[in-house]
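Written out below as structure tokens is the structure these notes cover.
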Amino acid sequence: MRMMRLLSITVSCTAAIVALLSTAGAAQQKVPFRGDTPIAPSGIPKIPLPDQPVVYDTAEGQRIRVVVHASGLSHPWSLAFLPDPSPPLGAGSVTMLVTERDGRLRVIRNGVLDPKPVEGLPVIRRAGLVGLMDVVLHPQFAANSFVYFSYAKPLSEKESATAIARGKWNGTALTDVRDVFVAPAGVGGGARMAFGRDGTLYVTTGGGGGNGPQDPNGLGGKVLRLKDDGTIPSDNPFVGRSGHRPEIFTMGHRSSLGLAVHPGTGEVWQNENGPNGGDEINILRPGANYGWPIVSLGRVYSGPWQSPSAVFYREGFEQPIVYWTPAIAVSGMAFYTGDRLPKWKGDVFVGSLREGEIPGTGHLERILFNEKMEELRRESLLQPLRQRIRDVRQGPDGLLYLLTDEDNGAVLRIEPAQ
């Protein structure tokens, strides 16, 4: 009799739980999808950048002033500072090259945008979020005047691929421009570049869907390591290994949009976007595998965890040193080593395009590490501006410069508030 009562109670409880779950599920809003991806909401309304400098208090007591250094850019993607023959005369007295996604390279001198784009670039295909992307100077730029840029190269009417080109800067234009590396057809995505201390060039490639990032015989979802002329260093981790592309330095990446060299150790740091959550910063180790798409700290856009059974770590895969859930759509990344913003010295800065899949929530992230490079705390900056921050760089004047990825994009300058 007692057993019958227990069975009856169990059945009743189970029915109640099922009914509760059904009711809860029915209460959820129906979100419109495009394929397997939820359509993003309208987001937080955009506002124009302020006409005057804005002062902010920050967590470490570093009071800052944010200035619109230059505007009138169309979706700027990256910037590189050109050496000036004389010391800066004051805040913002710098010359920079800025890429625009549509395929134009621009010059900004002391905050003034040259109305004429730089001549000498090849044909560039604008497709989605790619086009003309990163720009970096050769470590020996003073001697050879080499400027490197990554771009989407049209291979046919429908096919394109990531390419790296270099040309000589003559003060107004690029000359002797030629490709030093062209990926196979279909290998695309954002292509960040950084020169290591040994003069080799690191290049990221997009991983996207499928298992390409785990294929050692393909270049999608990898970080490549090349000599400055595009040839392959003999000490790359997979040189001479059957079934492995010798250009590969690391594998298992999704969408890498930040690359920077640690000023103390010389290690190359990389950030990448997860799907819905799981953005991360990694320290790159030769031949290491960073897990995508097998291991991830994010969910697929439709809701379930990316990793089967929510397994976030597996033997043989490197773990990130920083991760974000919800995602902040990480982009450019820089170490701050200057003296003008002393309470931020040694911190890492990462651009955010949006947070939690909500448009209008882009900002700048600051991360503080201890001497073992373990994260201690982080801070979200410039949120009231509601800008998509595509890149962040330290200028030769010791200030921070940001790019806003907008139709009317701008260069923002962060300086100490008086």
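Residue indices begin at 1 and follow the sequence shown.
F81 and Y401 have their aromatic ring centers within a separation under 6.0 angstrom. In this structure, W169 has its ring center no closer than 6.0 Å to that of F149. Ring to ring, F141 and F146 are not that close: their centroids are 6.0 angstrom or more apart.
Side-chain contact check for H244 versus M251: every heavy-atom pair is 4.5 Å or farther apart.
Nearest heavy-atom pair across D279 and I328 is OD2-N, 2.9 Å. Of all heavy-atom pairs between V136 and A80, the closest is CA-CB, 4.4 Å. Between P416 and R340, the shortest heavy-atom distance links the atoms CG-O, 3.5 Å.
R378 has no carboxylate O lying under 4.0 Å from a charged side-chain N of D347, or vice versa, which leaves the two without a salt bridge. Using a 4.0 Å cut-off between charged nitrogen and carboxylate oxygen, D176 and K168 do not count as a salt-bridge pair. Using a 4.0 Å cut-off between a side-chain N of Lys or Arg and a carboxylate O of Asp or Glu, R254 and E272 do not qualify as a salt bridge. With respect to E374 and K372, no salt bridge is recorded, no charged nitrogen being found less than 4.0 Å from a carboxylate O. Ion pair K46/E406 flagged as a salt bridge, since at least one NZ, NE, NH1 or NH2 atom sits closer than 4.0 Å to an Asp/Glu carboxylate oxygen. With respect to the salt-bridge test (charged N to carboxylate O, under 4.0 angstrom), the residues D114 and R106 do not qualify. Between R225 and D198 there is a salt bridge, with a side-chain nitrogen of the basic residue lying less than 4.0 Å from a carboxylate oxygen of the acidic one. A salt bridge does not link R388 with D407: none of the charged nitrogens is closer than 4.0 Å to a carboxylate oxygen.
The 12-atom threshold is exceeded at CZ of R178, counting heavy atoms of other residues, nucleotides or ligands nearer than 6.0 Å.
Side chain of E415 to main chain of R65: no donor-acceptor pair is present (N/O by atom type, distance under 3.5 Å, no hydrogens or angles). With hydrogens and angles disregarded, a donor-acceptor distance shorter than 3.5 Å links the side chain of Q214 to the backbone of W292. With hydrogens and angles disregarded, a donor-acceptor distance shorter than 3.5 Å links the side chain of K222 to the backbone of G218. At distances below 3.5 Å, at least one donor-acceptor pair connects side-chain atoms of S307 with backbone N or O atoms of S296. Counting only distance, with no hydrogens or angles, the side chain of Q306 and the backbone of P293 share a donor-acceptor pair below 3.5 Å.
In this structure, the separation between OG on S331 and CG on L364 is 11.0 Å, given to the nearest 0.5 Å. For the atom pair H138 NE2 and L201 CG, the distance stands at 9.0 Å (nearest 0.5 Å).
Ring geometry, Y290 versus H253: the interplanar angle falls under 30°, so the pair is classed parallel (tilted spans 30 to 60°).
Between Q383 and T361, the side chains place no donor N or O within less than 3.5 Å of an acceptor N or O (distance only, hydrogens not considered). Using a 3.5 Å distance cut-off with no hydrogens or angles, the side chains of T172 and N170 do pair a donor with an acceptor. Looking at R166 and Y148, their side chains do bring a donor and an acceptor atom within 3.5 Å of each other.
Relative to the six-membered ring of W77, R101 misses at least one condition, a distance below 6.0 Å or an angle of at most 45° to the axis.
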Pair D397, R413 - check salt bridge (Lys or Arg N to Asp or Glu O under 4.0 Å), show working. CA-CA 11 Å; D397 54 3; R413 186 177 75 242; 5.8 Å; no
Can you give the donor-acceptor pairs under 3.5 Å from side chains of residues 121-132 to other protein atoms, not counting sequence neighbours?
from: R125; atom 1: NH1; to: S156; atom 2: O; distance (Å): 3.3
from: R125; atom 1: NH1; to: E159; atom 2: O; distance (Å): 2.9
from: R125; atom 1: NH2; to: S156; atom 2: O; distance (Å): 2.8
from: R125; atom 1: NH2; to: E157; atom 2: O; distance (Å): 3.2
from: R126; atom 1: NE; to: G128; atom 2: O; distance (Å): 3.0
from: R126; atom 1: NH1; to: D102; atom 2: OD1; distance (Å): 2.3

